[in-house]
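A short worksheet on the structure shown next.
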Amino acid sequence: METLKLVIESVWKVLLIGILLGAGLPALFATGVRGLAIGNGHEAADGTIHRPNPLGNVLAAVAFVVVIAAIVLGITIIVSSGFGMKVSFEHIYPTLVDKK
């Protein structure tokens with residue numbers, strides 16, 4: 001019974017990360033694109049024209065920075081394992097350390 005509990009716990013963690021990275025990052029990117037549309041002004045489907053809103057550009061910038069940071073961190077984790085290192089999160093920022 002303990003083995004089944006461990007399997008279910010592990011599957012739950014993998015599923016959660018898969019949802020966050022598999023659907024979360026593209027959704028965040030789409031939010032950034034929508035923010036750009038709001039920031040530059042847009043025309044709605046019913047023909048009304050909305051004026052530009054600078055807050056949309058700020059939203060887009062934050063969304064794009066988070067997406068780019070996640071991509072760079074993912075590539076760093078993959079490449080560092082090839083060099084016999086791992087990414088450590090002991091401090092606020094990730095650092096590369098030797099595998100032990």
Side-chain angles (χ1 to χ4, degrees):
M1 194 64 178
E2 184 69 24
T3 304
L4 184 60
K5 180 181 174 186
L6 288 173
V7 167
I8 291 174
E9 184 176 311
S10 299
V11 167
W12 173 247
K13 289 178 184 177
V14 169
L15 180 65
L16 180 65
I17 294 298
I19 289 172
L20 286 176
L21 297 178
L25 285 178
L28 190 58
F29 182 80
T31 302
V33 171
R34 181 68 178 149
L36 283 177
I38 292 170
N40 295 324
H42 62 283
E43 183 176 349
D46 62 357
T48 58
I49 297 175
H50 298 276
R51 292 181 297 174
N53 186 349
L55 192 58
N57 290 332
V58 173
L59 172 71
V62 169
F64 291 146
V65 165
V66 170
V67 169
I68 290 170
I71 291 169
V72 168
L73 182 61
I75 291 172
T76 302
I77 290 172
I78 292 169
V79 170
S80 68
S81 66
F83 287 116
M85 302 182 87
K86 68 177 184 174
V87 177
S88 171
F89 293 96
E90 286 182 19
H91 308 288
I92 294 175
Y93 54 90
T95 56
L96 295 174
V97 296
D98 289 328
K99 287 184 181 178
K100 293 182 180 180

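Legend: residues meeting side-chain contact (heavy atoms from CB on, under 4.5 Å) with S88, ordered by chain and number and at least two apart, are E90, T95, V97. Judged as a side-chain contact (heavy atoms from CB on, under 4.5 Å), and not counting sequence neighbours, the contacts of A63 are L28. I75 is linked by a side-chain contact (heavy atoms from CB on, under 4.5 Å) to I71, V79, counting only residues two or more places apart in sequence or in another chain. For the side-chain contact (heavy atoms from CB on, under 4.5 Å) test, residues two or more places apart in sequence or in another chain that qualify with L96 are T76, S80, M85, V87.
Chaining together hydrophobic side chains whose heavy atoms lie under 4.5 Å apart leaves I78 on its own. Chaining together hydrophobic side chains whose heavy atoms lie under 4.5 Å apart leaves Y93 on its own. Grouped with V14 in a hydrophobic cluster is no other residue, since no side-chain heavy-atom contact under 4.5 Å to another Ile, Leu, Val, Met, Phe, Trp or Tyr is found.
Placement of I38 and V65 in two distinct hydrophobic clusters is found when ILVMFWY residues are connected by side-chain heavy-atom separations under 4.5 Å, directly or transitively. No path of Ile, Leu, Val, Met, Phe, Trp and Tyr side chains, each step under 4.5 Å between heavy atoms, connects I77 with I68, placing them in separate hydrophobic clusters.
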Tell me which donor-acceptor pairs under 3.5 Å the side chains of residues 45-55 have, and how far apart each pair is, sequence neighbours excluded?
residue : atom : partner : partner atom : Å
D46     : OD1  : T48     : N            : 3.2
D46     : OD1  : T48     : OG1          : 2.9
N53     : OD1  : L55     : N            : 3.1

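Applying the ring-ring contact (aromatic ring centres under 6.0 Å, His included) rule to pairs touching residues 67-86 yields nothing, sequence neighbours excluded. For residues 8-20, the pairs satisfying salt bridge (Lys or Arg N to Asp or Glu O under 4.0 Å) are E9-K13, with sequence neighbours left out. For residues 26-40, there are no side chain to side chain donor-acceptor pair (under 3.5 Å) pairs, not counting sequence neighbours. Counting only residues at least two apart or on different chains, the ring-ring contact (aromatic ring centres under 6.0 Å, His included) pairs with a member in residues 8-33 are F29-F64.
In this structure, OG in S10 is found 6.5 Å from CG in L6, a value given to the nearest 0.5 Å.
Summarising the geometry of L73 relative to P94, their closest heavy-atom pair is CD1-CG, 4.0 Å, with the distance given to 0.1 Å. Taking each heavy atom of G35 and A60 in turn, the nearest pair found is C-CB, 4.1 Å.
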